[in-house]
Asker: 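One structure coming up, written as structure tokens, with questions to follow.
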Amino acid sequence: MSGISDGALEHLRAALSATPEAGVRYELVREIGRGGMGVVYLARDRELEREVALKVLAASLSTKEAGERLRREARIAAGLEHPGIVPVHDVGVLPDGRPFYVMKHVTGARLDEIARSPMPLRAKLDVFLRVCEATGYAHARGVLHRDLKPENVRVGGFGEVLVLDFGVAKLMEAAERAGTVVGTPGFMAPEQARGESDLDARADIHALGAILRELSSGGGQSAPRALAAIARKAMAQSREERYASAESLASDVRAYLADDPVSALPENFARRMARIAYRHRVALALVGGYLLLRLVVLFAAKT
Amino acid sequence: MSKPLFGLLLGGLLGIFDGLSALLSAPEVKPEIVGIVIGSTIKGVITGVLVGLIARKLRSLPLGILFGLLIGLVLAYIVAALGDGKGHHYYWEIMLPGSLLGAIVGYATQRYGRAGNQTARA
């Protein structure tokens, strides 16, 4: 993880504040985020007169090759047209050679805030399923995220769920080749932490498992057994033992929500009966209440 | 199957069962059991249709159960108030199980059956 020095920041401000003739159409407003890949600013698009989020990549990625790669990957990101993925509007390279890209400015609660909130678990899991859908869609298009974490997911005012930072997913390869491990401890897969280059969708599955664990145990609640088992399977040390796809992970979460058996938690007869009884608890309570009343009436009649 | 039709069938079935249970709680009514079962079935059918109609408009499990309970209670009260023709009224014996049967039908019509605004797809 690398930050940007004060000097570089001043240089960036100067570059971004330059006139449109210099090729920069975005006016920096304020810093709104910082991570291993660079710094995110709230910026104003002078051409379209709207607010956007502008991410300047870290200095370690600021090579000519990285600039080319950014353009290439921006085309991939532009192909990710999904309601759960934040669209990338523009890419470019600052006069000093540092690449940047511009995306929709997303407001709303971060997923880590949602996890800590008193929101019902089912609602949190609905959000998680939509993150899985967006991730699965990107995987189907051959794009890995590699830095999925609650901070990269926003839930908007209309209930929309948006995954950020898909646009630079593959740019991380450059950093990894340079010997820098990119990702977030606690969320990145073991093979990613080891700096292995042959990552696949299961690296993101690991991160999804960590997100699920945080969502299901956030706010001080203890995670239900089935959900804990699903998260454990998604986060297995060996990627062969994880879910093969985001869809199969989502299917298990949906099964949990429907009180159906989940593949991550084999159940014996007693546990199966307990799950079925819980699933039909209201019906059982009503029928049980009726039979109990009948017994009471019968007993009263006899006495 | 629509919710009112589902409620009708379930209410009728449970009504038959409820009427027959009188043989256990009050064996002395055995000569009138046919009339009791018919009355109980009609009560169950009416409860089921009403609760099914409500379920078609209102999607709420707690409210569905509550309405079922109230409708079952009111209809059971009417049946109990009629008495057995000899001046005996079995209020508790009829009203308590009757209201719970209504609640069961209320629950079932909320969970199962096709709502009115759903259309079958080929």
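Note that the coordinates shown come from a computational prediction; the quantities given were computed from them, not determined experimentally.
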Asker: With sequence neighbours left out, what residues match Val296(A) under side-chain contact (heavy atoms from CB on, under 4.5 Å)?
Answerer: none

Asker: Using only the distance criterion (under 3.5 Å, no hydrogens considered), which donor-acceptor pairs connect chain B with chain A?
Answerer:
unit_1: Asp18(B); atom_1: OD1; unit_2: Tyr290(A); atom_2: OH; d: 2.5
unit_1: Asp18(B); atom_1: OD1; unit_2: Arg294(A); atom_2: NE; d: 3.4
unit_1: Asp18(B); atom_1: OD1; unit_2: Arg294(A); atom_2: NH2; d: 2.5
unit_1: Ser21(B); atom_1: OG; unit_2: Arg294(A); atom_2: NE; d: 2.9
unit_1: Ser21(B); atom_1: OG; unit_2: Arg294(A); atom_2: NH2; d: 3.2

Asker: Go through the structure and list residues passing side-chain contact (heavy atoms from CB on, under 4.5 Å) with Val127(A), not counting sequence neighbours.
Answerer: Leu111(A), Val155(A), Val161(A)

Asker: So which of Ile65(B), Leu14(B), Ile104(B) has the largest heavy-atom pair count under 4.5 angstrom toward chain A?
Answerer: Ile104(B)

Asker: side-chain contact (heavy atoms from CB on, under 4.5 Å) for Val287(A) and Leu100(B)? Distances and angles first, verdict last.
Answerer: CA-CA 8 Å; Val287(A) 172; Leu100(B) 261 180; over 6 Å; no

Asker: Residue by residue, which of residues 69-77 of chain B have a heavy atom closer than 4.5 Å to a heavy atom belonging to chain A?
Answerer: none

Asker: Between atom CG of Leu96(B) and atom CG of Leu292(A), what is the distance when rounded to the nearest 0.5 Å?
Answerer: 11.0 Å

